[in-house]
Colleague: 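Quick one: the structure is below, questions incoming.
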Amino acid sequence: WDAKFDELKQLEEETGEILPDSPTAKVSEDNIAGQKEEHEFATLSLAKTKLVGDLVKWAEDKPIWLSWKLDGLTLVVTYDKGMLTKVVTRGNGHIGTNITHLAGVIAGIPKKIKNKGHVVVRGEAIISYEQFNMENDEEYANPRNLASGSLTLKDPNEVAQRNIRWIPFTLVHTDEEIGSWGKRMDFLKENGMDCVDHECIEHPTLENIQ
């Protein structure tokens with residue numbers, strides 16, 4: 001599938017034509033039922049590569065940040081005046097499902113933060129392989145599917161038993177001016193969030209990126 005996707009993307013770049021239903025213009029949509037809500041900031045997919053050389057070329061010897069790509073379900077968490085106001089799934093990138101009622105049983109989502117402005121954070125709801133192996137009854141093929149399936153449950157007590165953890169991977173919005181991604185991650189840590197592991201590489205090479 002990835003090879004066909006890359007071939008299609010190259011054809012679109014060469015011809016300048018992108019059909020309305022092209023998969024390059026869409027994100028995978030979750031199937032969580034509930035109250036739908038439009039995202040304040042579109043939650044779209046990033047460009048991807050499996051080749052370290054592509055990253056080196058893209059970096060052009062400028063400092064870059066590397067972090068893990070977490071495989072779960074993206075949740076957008078919003079705070080106002082220091083208080084959690086809503087949690088919404090990615091959905092189709094433009095409209096997601098409001099699951100704020102489950103926030104209390106998903107580890108890693110603080111109810112309060114220090115910052116008193118408008119803060120929007122994107123993170124991944126995941127289940128560890130250890131927990132997956134303990135809980136899975138072969139209904140789900142992998143931890144990602146178990147995490148996604150768990151968030152379709154209506155009973156918070158049942159969701160709590162799945163040990164889902166939300167790990168922030170980017171600060172989407174704050175009222176403050178924060179330039180670099182690294183400093184934005186520092187902002188999240190200062191506000192009590194356990195962010196995805198990340199590292200700055202000052203002079204990217206094939207060796208140190210690998």
Side-chain angles (χ1 to χ4, degrees), residues 21 23 25-46 67-128 131-132 135 139-176 178 184-185 187-196:
D21 60 348
K26 296 184 177 182
V27 297
S28 57
E29 185 169 358
D30 63 54
N31 59 354
I32 295 178
Q35 178 186 339
K36 301 302 178 183
E37 185 163 330
E38 185 174 359
H39 286 296
E40 182 180 0
F41 305 95
T43 308
L44 305 177
S45 295
L46 296 174
S67 71
W68 292 112
K69 165 67 170 70
L70 302 173
D71 197 15
L73 188 75
T74 298
L75 301 181
V76 181
V77 177
T78 302
Y79 295 87
D80 289 288
K81 298 180 180 179
M83 302 296 295
L84 174 69
T85 51
K86 62 182 176 181
V87 179
V88 181
T89 69
R90 183 174 75 163
N92 64 9
H94 298 281
I95 296 175
T97 304
N98 190 311
I99 60 164
T100 309
H101 63 288
L102 296 178
V105 294
I106 301 174
I109 301 181
K111 293 181 180 179
K112 299 179 181 179
I113 62 173
K114 294 179 182 178
N115 189 279
K116 302 303 180 184
H118 181 57
V119 177
V120 181
V121 187
R122 199 172 295 152
E124 201 81 350
I126 66 167
I127 291 177
S128 69
Q131 195 63 40
F132 173 73
E135 299 289 340
E139 179 181 355
Y140 297 98
N142 53 55
R144 182 191 187 283
N145 289 355
L146 179 58
S148 181
S150 298
L151 294 179
T152 66
L153 301 171
K154 294 182 179 180
D155 183 357
N157 293 322
E158 193 173 354
V159 177
Q161 297 174 16
R162 301 294 179 91
N163 292 300
I164 299 173
R165 172 167 291 278
W166 179 73
I167 301 179
F169 58 75
T170 195
L171 170 62
V172 180
H173 173 83
T174 178
D175 296 335
E176 301 176 23
I178 307 176
R184 294 171 82 85
M185 299 298 280
F187 172 93
L188 295 180
K189 287 191 286 185
E190 290 165 3
N191 279 276
M193 299 183 202
D194 187 12
C195 301
V196 64

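By convention here, the first residue in the shown sequence is residue 1.
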Colleague: What is the minimum heavy-atom distance between Asp175 and Gly117, and which atoms define it?
Modeller: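 Closest pair (atom of Asp175, atom of Gly117, distance): OD2-CA, 3.4 Å.
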
Colleague: If the plane angle is over 60° it's perpendicular, under 30° parallel, otherwise tilted; pick one for Phe41 and His173.
Modeller: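 Parallel, since the angle between the ring planes stays under 30°.
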
Colleague: Measuring only between side-chain heavy atoms, which start at C-beta, is Glu40 closer than 4.5 Å to Lys86?
Modeller: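 Of all side-chain heavy-atom pairs linking Lys86 with Glu40, none is under 4.5 Å.
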
Colleague: Working to the nearest 0.5 angstrom, can you tell me the gap between Ile127 CD1 and Asn142 CG?
Modeller: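 CG of Asn142 is found 10.0 Å from CD1 of Ile127.
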
Colleague: Is the shortest side-chain heavy-atom distance between Phe187 and Val119 below 4.5 Å?
Modeller: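 Phe187 reaches Val119 side chain to side chain.
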
Colleague: Nearest 0.5 angstrom please: Ser148 OG to Ile126 CD1, how far?
Modeller: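 Interatomic distance, Ser148 OG to Ile126 CD1, rounded to 0.5 Å: 14.0 Å.
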
Colleague: Looking at CD of Gln161 and CG of Asn163, how far apart are the two atoms once the value is rounded to the nearest 0.5 Å?
Modeller: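 Here the interatomic distance stands at 9.0 Å.
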
Colleague: What closest approach, in Å, do Ala125 and Leu75 show between heavy atoms, and which atom pair accounts for it?
Modeller: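 Minimum heavy-atom contact is CB-CD1, 3.8 Å.
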
Colleague: Just verifying a value: how many Å separate Glu37 CD and His94 NE2, rounded to the nearest 0.5 Å?
Modeller: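 Nearest 0.5 Å value for the CD-NE2 distance: 15.5 Å.
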
Colleague: Would you tabulate the side-chain donor-acceptor contacts of residues 100-114 under 3.5 Å, counting partners in other chains and residues two or more places apart, or write 'none'?
Modeller:
{"unit_1": "Thr100", "atom_1": "OG1", "unit_2": "Val87", "atom_2": "N", "d": "2.9"}
{"unit_1": "Thr100", "atom_1": "OG1", "unit_2": "Asn98", "atom_2": "OD1", "d": "2.6"}

Colleague: Taking all non-hydrogen atoms of both residues into account, name the closest pair between Arg162 and Ser150 and its distance.
Modeller: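 Where Arg162 meets Ser150 most closely, the heavy atoms are NH1-OG, 2.8 Å.
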
Colleague: Is there side-chain contact between Leu73 and Ile164, with at least one heavy-atom pair below 4.5 Å?
Modeller: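 They are not in side-chain contact.
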
Colleague: Around atom CG of Asp194, are there more than 12 heavy atoms of other residues, nucleotides or ligands at under 6.0 Å?
Modeller: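 Open: at most 12 neighbouring heavy atoms sit under 6.0 Å from CG of Asp194.
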
Colleague: Side chain of His118, backbone of Thr78: donor and acceptor closer than 3.5 Å?
Modeller: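 Flag not set: sc His118 to bb Thr78 has no pair under 3.5 Å.
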
Colleague: Within this structure, what is the OG1-CD1 distance for the pair Thr43 and Ile95, rounded to the nearest 0.5 Å?
Modeller: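 One gets 11.5 Å once the value is rounded to the nearest 0.5 Å.
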
Colleague: Under the side-chain hydrogen bond (donor to acceptor under 3.5 Å, both in side chains) definition, can you give me all pairs with a residue in residues 119-128, not counting sequence neighbours?
Modeller: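 Residue pairs passing side-chain hydrogen bond (donor to acceptor under 3.5 Å, both in side chains), neighbours aside: Thr74-Glu124.
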
Colleague: Where the side chain of Thr89 meets the backbone of Thr97, is there a donor-acceptor pair that is under 3.5 Å apart?
Modeller: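 Here the side-chain-to-backbone pair exists.
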
Colleague: Which atom names give the shortest non-hydrogen contact between Arg184 and Leu171, and what distance separates them?
Modeller: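 The answer is NH2-O, 3.0 Å.
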
Colleague: Could you tell me whether the side chain of Thr170 reaches within less than 4.5 Å of the side chain of Val196, counting heavy atoms only?
Modeller: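 SC-SC contact between Val196 and Thr170 ruled out.
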
Colleague: Just verifying a value: how many Å separate Thr174 OG1 and Tyr79 OH, rounded to the nearest 0.5 Å?
Modeller: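 It comes to 13.0 Å.
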
Colleague: Hey, are the side chains of Trp166 and Met193 touching, using non-hydrogen atoms and a 4.5 Å cut-off?
Modeller: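 In contact.
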
Colleague: Under the side-chain contact (heavy atoms from CB on, under 4.5 Å) rule, collect the residues that match up with Asp71, sequence neighbours excluded.
Modeller: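 side-chain contact (heavy atoms from CB on, under 4.5 Å) list for Asp71, sorted by chain: Arg144.
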
